[in-house]
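The shown structure was predicted, so the numbers you read here are calculated from the model rather than taken from an experiment.
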Amino acid sequence: MPTTLPMPIEFRLPQGWLPARPEEFDPAGVAFAAVHPQPDAGFAANITIDGEVPPDGATPADLADESVQRLREVAESVVVAHRREVGSADAPALTQRLTFFTVDGGVRRDLVQSQVYLSLSDVEDPHKRAVIRLALTATAAQHDSVLGEFQAFVRTVRPDTGEAA
């Protein structure tokens with residue numbers, strides 16, 4: 001069963017990307033997933049969204065470190081290839097790129113995951129904050145060709161005000 005985000009958001013998927021059916025991914029801890037229409041070597045690049053209300057004092061870097069540890073429980077040779085804090089003091093954010101491999105059905109897959117951690121304020125109570133994690137996972141061969149679409153997607157993510165655009 002997909003999880004619920006700590007605050008509603010709105011976003012626009014890149015053209016051609018399709019919402020994933022729950023049988024296509026492990027929905028545990030994921031609020032939404034989408035897949036690229038053209039798999040690479042049998043692996044469909046995917047975008048996932050999850051989020052949490054962070055513990056007091058937790059930084060985006062702390063949450064990113066936890067994510068790396070969780071990935072190490074299910075994948076091999078997880079490396080933080082790049083990490084950068086972005087945003088402002090009022091709206092901190094972080095991006096990181098992880099490389100790793102998995103073995104599925106006897107096939108080794110070299111994967112890259114780009115993660116973005118966005119700190120968002122609740123529309124009704126600006127003191128209430130949530131961190132939304134957006135992740136693109138793709139084969140190492142396909143990652144760079146879908147990264148621009150993911151970046152465009154990230155720019156569309158915002159708190160849902162309930163007003164139609």
Taking the side chain as everything from C-beta on, heavy atoms only, tell me whether V146 gets closer than 4.5 Å to P14. no
With a cut-off of 6.0 Å (strictly less than), are more than 12 heavy atoms of other residues, nucleotides or ligands near CD of Q38? no
Can I49 and I9 be said to form a side-chain contact (heavy atoms from CB on, under 4.5 Å), step by step? CA-CA 10 Å; I49 303 173; I9 62 170; 4.0 Å; yes
Test side-chain contact (heavy atoms from CB on, under 4.5 Å) on R84 and V86 and set out the steps. CA-CA 6 Å; R84 185 170 62 132; V86 295; 3.8 Å; yes
What's the separation between atom [atom1] in [X] and atom [atom2] in [Y], rounded to the nearest 0.5 Å?
X: L118; Y: R129; atom1: CG; atom2: CZ; result: 10.5 Å
X: H36; Y: T139; atom1: NE2; atom2: OG1; result: 10.5 Å
X: M7; Y: L5; atom1: CE; atom2: CG; result: 9.5 Å
X: L136; Y: Q142; atom1: CG; atom2: CD; result: 8.5 Å
X: E85; Y: Y117; atom1: CD; atom2: OH; result: 12.5 Å
X: R12; Y: R155; atom1: CZ; atom2: CZ; result: 11.0 Å

Shared hydrophobic cluster, [X] / [Y] (ILVMFWY, side-chain heavy atoms < 4.5 Å):
X: V112; Y: V35; value: no
X: V68; Y: V74; value: yes
X: L120; Y: V131; value: no
X: L111; Y: L71; value: yes

Donor-acceptor contacts, no H, no angles, side chain residues 97-108, under 3.5 Å, sequence neighbours left out:
| unit_1 | atom_1 | unit_2 | atom_2 | d |
| --- | --- | --- | --- | --- |
| R108 | NE | D110 | OD1 | 3.2 |
| R108 | NH2 | D110 | OD1 | 2.9 |

Sorted by chain and number, sequence neighbours left out, salt bridge (charged side-chain N to carboxylate O under 4.0 Å, His left out) with D50 holds for R133
Heavy-atom pair of closest approach, residues P6 and K128: O-NZ, 4.3 Å
Paired with I47, the side chain to side chain contact (heavy atoms under 4.5 Å, CB included) test is passed by just one of F32, W17, F11, namely W17
Report, one line per pair, each donor and acceptor closer than 3.5 Å where one atom sits in a side chain of residues 53-65; sequence neighbours left out.
| unit_1 | atom_1 | unit_2 | atom_2 | d |
| --- | --- | --- | --- | --- |
| T59 | OG1 | A61 | N | 3.3 |
| T59 | OG1 | D62 | N | 3.1 |
| T59 | OG1 | D62 | OD2 | 3.2 |
| D62 | OD2 | T59 | N | 3.0 |
| D65 | OD1 | R83 | NH1 | 2.8 |
| D65 | OD1 | R83 | NH2 | 2.9 |

